[in-house]
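Both counts, for ligands and for their atoms, begin at 1 and track the order of listing.
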Amino acid sequence: MRFNSIEAVLNRPTVEVNPPKQRISEYFGTNVFGDAAMRKYLSEEAYLSVKASVEAGQKLDRAMADQIASSMQAWALDKGATHYTHWFQPLTGATAEKHDTFFSYENNKGMESFSGNALVQQEPDASSFPNGGIRTTFEARGYTAWDPSSPAFIIETGAGKTLCIPTAFVSYTGEALDYKTPLLRSLHYMDSAATAVCKYFDKNITKVTATLGWEQEYFLVDEALFYSRPDLVMTGRTLVGHGPARGQQLEDHYFGSIPERVYAFMVDYETESHKLGIPVKTRHNEVAPGQYECAPTYEEANLAVDHNQLLMDLMDRVARRHKLRILFHEKPFAGVNGSGKHNNWSLGTNTGKNLLSPGKTPKNNLMFLTFFVNTIRAVYEHADLLRATIAGAGNDHRLGANEAPPAIISVFIGGALTKLLNEVEQRISETDFDEMDKADLKLDIHKIIPDLLLDNTDRNRTSPFAFTGNKFEIRAVGSSANCAAPMTIMNLIMGNQLIKFKAEVDGLVKDGEKKDTAILRVIQKYITESKAILFEGDNYSDAWKAEAKKRGLNNVTTSPAALDFYVTDKAKVLFKESGVLNEAELEARYEIQQELYYKKLQIESRILRDMALNQIIPAAITYQNVVLTNVLGLKNAGLDKKHYKAQTELLEELSVGINGIKSHVASMIDEVEKAEKIESAHKKALAFCNKVKPHLEAIRDFSDSIEIIVEDQYWPLPKYRELLFLR
Ligand code: ADP
Ligand code: MG
């Protein structure tokens with residue numbers, strides 16, 4: 001199979017792609033029921049009510065929903081769609097859809113119909129989605145509810161076209177069972193807190209949204225090679241495989257020229273993305289061989305999350321068309337870089353201002369400083385929650401592996417801003433505000449806050465949370481993750497922080513302090529309080545681990561333990577008070593994450609057992625027999641031992657490998673069986689992490705050591721050099 005698949009790759013033609021002849025701007029968003037389509041198909045009244053429901057969160061009434069549904073249907077039918085589906089993001093991490101046709105058959109007559117009811121709410125038979133025990137089997141119903149803030153779109157596949165309606169997914173009793181619901185709640189929570197703080201500076205600000213620009217990394221592997229690797233097929237990563245002679249040490253892949261087949265794939269998915277209104281902008285090779293990245297222009301966070309999920313689906317589908325497989329796993333190959341998904345996060349206002357963008361006037365700079373320092377204060381307070389949100393079986397292989405940020409959360413702000421914060425802190429403490437009148441203070445803010453001439457080139461690739469000029473970049477998120485999880489936490493902790501900030505400022509004002517002075521005083525206090533989270537050095541170094549420990553920053557390296565941060569008393573209060581997740585929802589989510597963790601390891605251990613016993617050991621034995629025949633032949637020919645010393649050593653090395661694999665497989669299966677009997681998801685996850693995983697690693701070591709001595713023709717699994725370099 002290995003050699004057949006290599007031959008298949010070598011004979012693969014590049015799939016022809018025919019992107020539209022028009023400019024991108026001419027077909028961008030044509031498959032979206034966005035503003036242009038709505039203006040065309042909706043009545044004035046319906047258009048305004050959709051807008052109001054998006055912007056002010058107003059509820060749509062039934063009659064209006066019917067009207068919108070029938071216009072949406074008219075648009076979709078004009079586009080050639082035959083089916084519609086509620087599209088949602090259950091906690092599996094994938095997206096889900098169940099298609100219905102517009103066609104209906106009534107009174108001996110066929111017709112197309114789509115009611116307001118069908119648009120607004122569906123009741124998928126949802127008993128088989130993860131629910132963490134929220135839904136008992138007799139109440140297995142779940143609801144999907146239309147999210148008008150993310151426009152409907154049409155998916156084109158070879159077989160047909162489907163209208164997809166982004167929805168939230170909740171249980172019969174109203175608990176969130178998806179990623180979108182808590183994200184929307186967190187956006188709402190942060191909006192009201194941030195808008196209230198904005199009023200200190202600008203009365204025209206009535207809405208604050210979070211913005212997200214993600215950067216998606218991925219690997220591509222040829223389909224034939226992919227299918228020759230049971231581990232890739234079943235788990236998305238290679239469980240064995242010796243590193244290639246040439247990995248990424250020549251540093252020649254990053255930004256190198258893109259291979260033709262990959263280029264065709266990129267043009268193909270980008271065309272589809274653009275039709276779907278996903279503003280994909282950047283494409284390039286990443287550091288590891290076979291690794292690539294794409295990034296869009298940033299958007300409002302809820303829409304950006306939908307677009308990332310949609311794009312991942314789309315890329316997977318388009319890759320297959322090109323006889324390629326896309327790997328979103330965080331660590332598909334040992335020894336070369338894994339994949340992440342940087343989440344660039346900021347806050348934008350209805351007046352078009354980026355609150356994390358330093359301004360030119362003192363007033364703007366005070367506003368910038370307020371949001372900047374509050375973000376740092378929020379991360380300082382809730383770093384553990386951020387750690388929990390990036391947990392996952394795949395990301396465990398990446399975090400702290402000297403290619404991705406460590407499991408210690410810290411904030412990098414660069415030299416210029418470090419200096420600024422120090423100066424601000426000092427100047428505020430030295431200024432006697434009581435002696436100043438209002439006019440003086442206004443002038444003095446300018447002196448207190450030095451000019452913000454930012455050095456944008458100041459970067460730190462080792463930091464998990466870095467300020468990059470006008471946004472924070474969360475760099476530890478896994479490539480397969482749904483961005484909604486970290487985005488929900490950012491909005492939640494920021495919203496909570498801003499509420500506290502406002503209470504402190506208002507308190508000082510009530511006690512007679514001038515508003516600007518009060519703001520400065522609280523900022524100074526926050527700078528002092530949250531210093532421990534700021535780190536400008538090398539996050540990969542051992543010195544940082546020691547230093548972080550001294551500062552009291554946590555360094556939790558495995559997922560089952562990191563997930564515990566979700567269910568501390570502090571976290572429970574925060575989630576509940578904000579309304580983002582009630583305790584039942586939070587506990588359920590925690591259970592589901594622990595379950596996902598151990599299930600992934602369960603699958604890995606099963607498939608590795610099969611590969612070890614059915615492929616790796618037999619290959620080693622076959623080759624050992626060849627060597628053995630040779631040794632016996634030489635012996636029979638009367639040669640002295642010294643003439644087949646190397647062969648005898650080989651026989652021994654192969655036996656060591658075979659025995660090592662065999663015994664670790666046995667112990668692994670033993671530990672899996674023990675772990676499977678454990679009731680609690682948390683303890684089960686811990687058992688898989690601490691008892692099963694070490695055997696997976698040991699089997700890999702033995703396998704890799706015999707892979708390099710077995711004659712090439714007997715090795716059944718495509719090697720790293722083939723997986724990473726052939727396409
Ligand atoms: P980099 O140097 O990291 O490549 P870029 O300026 O190219 O920086 O931005 C990287 C990502 O950050 C892009 O996805 C971009 O859309 C996003 N981004 C830029 N500005 C913002 C913002 N205000 N809010 C959120 N994301 C942003
Ligand atoms: Mg970046």
Side-chain angles (χ1 to χ4, degrees), residues 24 28 183 186-187 190-191 194 198 205 207-218 254-255 266 269-270 273-274 277-287 291-312 315 337 339-359 364 367-368 371-372 374-375 378-379 403-405 411-414 416-417 452 454-477 479 481 483-484 486-491 494 539:
I24 296 171
F28 185 80
L183 174 65
S186 75
L187 284 163
M190 183 281 299
D191 172 19
C198 284
I205 295 175
K207 191 176 170 70
V208 176
T209 51
T211 50
L212 163 64
W214 39 262
E215 302 163 58
Q216 178 74 55
E217 293 178 341
Y218 59 94
Y254 191 53
F255 284 9
M266 288 176 170
Y269 85 73
E270 284 175 3
S273 306
H274 288 144
I278 307 172
V280 177
K281 192 162 170 61
T282 309
R283 55 163 105 115
H284 61 80
N285 288 354
E286 253 308 321
V287 174
Q291 192 186 30
Y292 309 90
E293 178 183 302
C294 73
T297 304
Y298 71 92
E299 297 176 281
E300 186 279 320
N302 176 43
L303 186 59
V305 166
D306 282 1
H307 278 168
N308 180 241
Q309 287 298 113
L310 181 55
L311 184 74
M312 286 168 77
M315 288 172 102
N337 274 13
S339 301
K341 174 148 55 193
H342 299 173
N343 279 209
N344 295 273
W345 172 90
S346 190
L347 299 176
T349 68
N350 61 304
T351 58
K353 186 158 177 33
N354 177 352
L355 294 171
L356 290 173
S357 185
N364 269 339
M367 186 162 168
F368 160 73
F371 284 91
F372 180 66
N374 269 288
T375 311
V379 174
E403 53 162 79
V411 180
F412 169 84
I413 57 173
L417 282 161
L452 296 178
L454 286 190
D455 179 6
N456 279 322
T457 57
D458 207 3
R459 290 291 169 102
N460 182 333
R461 285 181 56 87
T462 68
S463 175
F465 197 95
F467 186 71
T468 48
N470 58 1
K471 62 196 183 280
F472 279 98
E473 181 170 359
I474 311 168
R475 304 182 65 260
V477 183
S479 48
C483 309
M487 287 296 102
T488 300
I489 297 299
M490 279 317 297
N491 301 329
M494 189 60 172
N539 285 255

Contact check: Trp345 vs ligand 1, nitrogen or oxygen atoms, below 3.5 angstrom: no
Min N/O separation Pro296 to ligand 1 under 3.5 Å: yes
Nearest-option assignment for atom 9 (O) of ligand 1, heavy atoms, candidates Lys471, Glu215, Gln216: Lys471
Contacts of type salt bridge (Lys or Arg N to Asp or Glu O under 4.0 Å), residue Lys281, not counting sequence neighbours: none
Residue Arg459 vicinity, atoms of ligand 1 by number, heavy atom under 4.0 Å: 1 (P), 2 (O), 3 (O)
Verdict with supporting geometry, Ser357 and Asn470, side chain to side chain donor-acceptor pair (under 3.5 Å): CA-CA 4 Å; Ser357 185; Asn470 58 1; 5.0 Å; no
Numbering as shown, the atoms of ligand 1 that approach Thr211 to under 4.0 Å (heavy-atom distance): 22 (C), 23 (N), 24 (N), 25 (C)
Numbering as shown, the atoms of ligand 1 that approach Trp214 to under 4.0 Å (heavy-atom distance): 14 (O)
Ligand 1 N/O within reach of Thr297 N/O, cut-off under 3.5 Å: no
Nearest heavy atoms of Met190 and Asn491, plus distance in Å: CB-O, 3.5 Å
Partners passing ring pair (Phe, Tyr, Trp, His ring centres under 6.0 Å) against Phe372 (at least two apart in sequence or in another chain): Phe368, Phe467, Phe472
For the student: nearest non-hydrogen atoms of Gln291 and Ser339, plus distance: NE2-OG, 3.1 Å
Interatomic distance, Phe465 atom CZ to Glu473 atom CD [nearest 0.5 angstrom]: 10.5 Å
Atoms in ligand 1 flagged as close to Asn354, the criterion being non-hydrogen separation under 4.0 Å: 23 (N)
